[in-house]
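Protein chains get the first letters and strands the later ones, always in sequence-line order, with residue 1 at the start of each. Given the structure is predicted, the values throughout are model-derived calculations rather than measurements.
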Amino acid sequence: MTEGSASAVLECRDIELSFGGLRALKGLSFDIMPGEIFGLVGPNGSGKTSLVNVVTGFYRPQRGSVAIFGADTTRMRPHRIAAHGVARTFQNLALFRGMTVLDNILLGRHVHMGVGSGALATLFYWVWAARHEVAHRRAVEELIDFMQLQDIRDEPVEVIPLGLQKRVELARALAADPRLLILDEPMAGMNKEEKEYIARFILDAREERNTTVLMIEHHMDVVTSICDRVMVLSYGENIAQGKPLEAISEPRVIQAYLGERAAKRHVGAAA
Amino acid sequence: MDLWLIGELAITGALVGLMYALVAVGIVLVYKTSSVANFAQGAIAMTGSYVAWAFATLMGAPLWVAIPLALVTMFGLGFVIERAVLRHMVGQPIIMIIMVTFGMEIFLRGMMPGFFGVAVKRLDLGIPQAPMFLGEMLINRAYLIGGITSAVLIVGTIVLFNSRAGIIMRAVSDDQGASWSVGIRVERAIAIAWGLAAGTATAAGILWGSTQGVDWSLSLLLMKALAIAILGGLDSIPGVLLAGVIVGVCESLATGIVDPLVGGGTRDIVASLIILMTLLVRPYGLFGREQIERV
């Protein structure tokens with residue numbers, strides 16, 4: 001798949017990652033096109049989160065390359081990749097505890113706040129912070145409306161329910177106006193209604209903010225209804241890729257999820 | 001008991017306490033950004049005063065040049081500590097990192113007198129020796145100026161910490177992964193915290209050096225600073241201000257009132273008693289966040 005790569009949002013080539021003797025990712029290659037919602041599925045331990053960590057710079061692959069909007073980001077530190085227009089959420093929630101919902105979302109604007117011209121700029125930032133603050137606050141308030149977080153905007157994040165915490169984390173990621181949004185199990189532990197909310201926010205983010213989305217998700221009903229394409233991983237290998245319904249009904253995928261014997265029975269029952 | 005004497009002891013104690021607190025600010029700053037207890041703070045203050053002395057005496061720079069130079073140099077040293085030492089410790093158990101800061105304390109404590117000579121150095125800020133009279137109370141001018149300077153610098157740190165730079169440091173201390181994901185340079189934030197810690201310690205070292213001379217014993221400020229940081233709550237800068245005054249006043253009253261009764265030596269017990277009592281009764285200090293568990 002080398003054709004059309006010039007316009008790809010994310011191009012991963014031959015990604016190889018091992019932890020000691022454990023090969024977590026075995027030569028993965030894939031592309032994500034602008035405006036796509038790309039699902040990453042697979043059983044536990046198949047390497048989904050490792051792959052996301054490679055893309056966002058938290059892990060460094062032993063081999064292979066990652067390019068985001070055509071720029072090679074393989075060796076970049078996570079904060080540089082964030083500055084490239086990539087925002088992410090975490091599987092186990094990584095909110096700034098002890099801060100309010102509002103402050104958490106405001107920190108999502110960090111990449112637009114022009115810090116980084118040296119230590120002194122950061123040191124004396126408060127001298128001229130007020131000017132920029134207003135514009136950022138406006139952007140954040142819009143997001144709070146969009147994500148329906150008005151009631152809890154001034155609550156400390158640690159006291160609000162888990163479902164809302166995940167929503168705040170998504171809002172923080174969106175606050176960066178990302179061109180590529182990476183979601184690691186945004187709906188884990190949610191009930192049907194909460195899942196529908198999040199699905200709606202993800203679709204709206206694509207429509208209204210032109211965001212491309214890479215998401216890890218276990219809920220197959222969500223994956224099949226909102227993802228344009230999926231890639232299925234098993235033990236660090238790409239075992240299927242394509243339209244969601246087709247990819248997840250491939251025999252190798254069923255086998256990865258259910259085991260060999262159960263898969264035979266499943267195929268038998270389907271036939 | 002003479003009320004004038006108690007007043008004098010209390011005021012002097014409060015001023016001295018503020019000068020201790022300026023050392024403690026650095027411990028809190030480092031704890032807030034990286035959850036590491038900075039046991040090198042006393043020796044960093046001592047090093048700062050040696051550096052100021054070296055600029056002023058060895059190189060003959062006037063004070064208004066020597067002091068800023070020392071502050072900048074030590075701010076840089078804070079950066080170097082992060083880059084050369086702490087960055088290699090990322091991912092190590094917290095006890096290892098604490099031991100490294102303690103190792104730096106011991107290293108600097110031996111290194112500075114070894115390099116500049118063990119004799120006590122004079123660092124004269126030109127503060128008149130004659131005390132100031134407040135009614136019948138005698139107030140030492142060096143403590144008065146030192147205490148006020150310290151209070152101003154601590155308030156300045158509080159203002160800075162309520163700004164964006166402070167929010168970034170708080171974010172880093174809350175969650176490094178999340179900080180990276182929103183584009184924060186985590187190492188840079190930690191380096192700035194160390195730079196500020198070294199800068200404030202240097203200011204304290206210069207003030208103390210001017211009152212008692214510059215030698216290795218300045219590093220003993222660590223004990224007082226630890227008592228203040230723990231009493232104030234390890235992650236609260238305003239806590240340092242109040243705790244500093246409390247520790248200073250307690251020490252001063254103990255010295256002035258209890259010493260004559262028991263024959264002296266109570267001064268140094270106060271700080272250690274405060275550390276013990278805080279940890280036993282209220283481990284997160286006066287203003288600290290309660291979920292803090294490791295020191």
Where does R80(A) contact chain B at under 4.5 Å (heavy atoms): side chain, backbone, both or neither? neither

Using the test side chain to side chain contact (heavy atoms under 4.5 Å, CB included), find all partners of P161(A) that sit at least two apart in sequence or belong to another chain. L164(A)

Ranking G166(B), S181(B), A191(B), S179(B) by heavy-atom pairs under 4.5 Å to chain A gives rank one to S181(B)

Got a salt bridge between D177(A) and R109(A), using NZ or NE/NH1/NH2 to carboxylate O under 4.0 Å? yes

With distance as the sole test, does T100(A) use its side chain to make a donor-acceptor pair with the main-chain N or O of D103(A) at under 3.5 Å? yes

Within residues 84-96 of chain A, residues adjacent to chain B where the heavy-atom gap is under 4.5 Å: V86(A), R88(A), F90(A), A94(A), L95(A), F96(A)

Under 4.0 Å between a Lys/Arg side-chain N and an Asp/Glu carboxylate O for E194(A) and K166(A)? no

With salt bridge (Lys or Arg N to Asp or Glu O under 4.0 Å) as the criterion, how do E141(A) and R153(A) come out once you've worked through the C-alpha distance, each side chain's angles and the decisive distance to 0.1 Å? CA-CA 9 Å; E141(A) 291 301 338; R153(A) 63 194 288 284; 2.3 Å; yes

Identify whether NZ of Lys or CZ of Arg in R167(A) sits under 6.0 Å from the centre of the six-membered ring of Y197(A) and within 45° of that ring's axis. yes

More than 12 heavy atoms of other groups within 6.0 Å of R83(B) CZ: no

